[in-house]
Enquirer: 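Have a look at this one before I ask anything.
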Amino acid sequence: MKKQEGDRCPAAALMKSLSGKWKPEIFRLATESTLRFSLLQRQLPDANKQSITSALRDLEQEGLLKRIIIREKPLNVEYRITEKGKSLISFFKQLEELR
């Protein structure tokens with residue numbers, strides 16, 4: 001079967017969705033617990049606010065993280081791994097075992 005123009009390899013698409021300096025680390029942290037921006041700033045001291053924000057938005061657009069607004073005072077935003085993201089955990093564990 002001939003590939004149509006625009007068809008992408010699923011593995012290539014996955015790697016592109018997690019490419020970037022901070023996305024893999026943010027995704028890994030999200031597999032361990034719910035994330036808040038201030039927590040990410042502490043856990044990624046070399047990352048600036050802009051790069052964390054950009055990575056979070058990209059991961060959300062890819063459907064790997066879900067942004068949840070907690071309507072309490074003070075207003076909080078949390079990021080949780082989605083079902084799609086959870087389905088990738090075993091894949092990443094296998095990659096870690098190859099190191």
Side-chain angles (χ1 to χ4, degrees):
M1 176 182 219
K2 186 177 179 184
K3 276 189 148 188
Q4 298 293 321
E5 188 174 4
D7 285 353
R8 293 178 28 174
C9 170
L14 172 63
M15 297 310 285
K16 183 173 175 21
S17 69
L18 286 168
S19 66
K21 188 170 184 178
W22 301 109
K23 283 193 244 179
E25 185 65 16
I26 291 172
F27 181 79
R28 185 190 64 77
L29 291 169
T31 66
E32 297 171 358
S33 67
T34 298
L35 301 176
R36 289 196 175 178
F37 194 85
S38 58
L39 174 68
L40 284 173
Q41 285 184 297
R42 285 191 300 273
Q43 291 183 314
L44 305 170
D46 295 333
N48 61 41
K49 290 180 182 182
Q50 172 107 20
S51 59
I52 293 172
T53 299
S54 178
L56 287 169
R57 284 185 184 148
D58 290 348
L59 290 168
E60 184 182 6
Q61 283 183 332
E62 292 292 333
L64 301 176
L65 294 182
K66 181 176 182 171
R67 183 175 190 255
I68 300 164
I69 299 172
I70 310 295
R71 299 200 183 274
E72 297 175 358
K73 293 201 179 192
L75 186 70
N76 289 301
V77 176
E78 294 181 344
Y79 293 87
R80 294 185 186 149
I81 193 163
T82 62
E83 289 302 315
K84 180 180 177 181
K86 287 178 185 176
S87 71
L88 300 176
I89 292 172
S90 63
F91 171 74
F92 282 100
K93 288 193 184 292
Q94 289 175 4
L95 285 177
E96 288 177 354
E97 290 174 8
L98 295 175
R99 287 193 300 148

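All residue numbers refer to positions in the sequence shown, counting from 1.
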Enquirer: Are I26 and I68 connected in the hydrophobic side-chain network, where two residues link if heavy atoms are under 4.5 Å apart?
Expert: no
Enquirer: Might you confirm whether atom CZ of R57 has over 12 heavy atoms from other residues, nucleotides or ligands at distances under 6.0 Å?
Expert: no
Enquirer: Atom CD of E60 and atom OH of Y79: how far apart are they, to the nearest 0.5 Å?
Expert: 6.0 Å
Enquirer: Return yes if some donor-acceptor pair links the side-chain N/O of N48 with the main-chain N/O of D46 below 3.5 Å, else return no.
Expert: no
Enquirer: Would you check if the side chain of T53 reaches a backbone N or O of K49 as a donor-acceptor pair within less than 3.5 Å?
Expert: yes
Enquirer: Indicate yes or no for a side-chain donor-acceptor contact from T82 to the backbone of G63 under 3.5 Å, with no hydrogens or angles considered.
Expert: yes
Enquirer: Specify the closest pair of heavy atoms between A30 and L65, including all atoms of both residues, with the distance to one decimal.
Expert: CB-CD2, 3.5 Å
Enquirer: Say whether, by atom type as modelled, one donor and one acceptor occur between the side chain of T34 and the main chain of R80 under 3.5 angstrom.
Expert: no
Enquirer: Answer yes or no: are there more than 12 heavy-atom neighbours, outside Q50 itself, under 6.0 Å from its atom CD?
Expert: no
Enquirer: Under 4.0 Å between a side-chain nitrogen and a carboxylate oxygen: does that hold for E83 and K86?
Expert: yes
Enquirer: State the CD1-CG distance between I70 and L75, to the nearest 0.5 angstrom.
Expert: 9.0 Å
Enquirer: When rounded to the nearest 0.5 angstrom, what distance separates NZ in K66 from CD in E78?
Expert: 12.0 Å
Enquirer: Once rounded to the nearest 0.5 Å, what's the spacing between atom CG of L40 and atom CG of L56?
Expert: 5.5 Å
Enquirer: If I compare all heavy atoms of A47 with all of W22, which pair ends up nearest, and what's the gap?
Expert: CB-CE2, 3.4 Å
Enquirer: Can you get from F37 to L39 by hopping between Ile, Leu, Val, Met, Phe, Trp and Tyr side chains that sit under 4.5 Å apart?
Expert: yes
Enquirer: Nearest 0.5 Å please: distance from the CD atom of Q43 over to the CG atom of L35.
Expert: 7.5 Å
Enquirer: Can you measure from CD1 (I52) to NZ (K23) and round to the nearest 0.5 angstrom?
Expert: 14.0 Å
Enquirer: Linking I/L/V/M/F/W/Y whenever any side-chain heavy atoms sit under 4.5 Å apart, do I89 and L29 land together?
Expert: yes
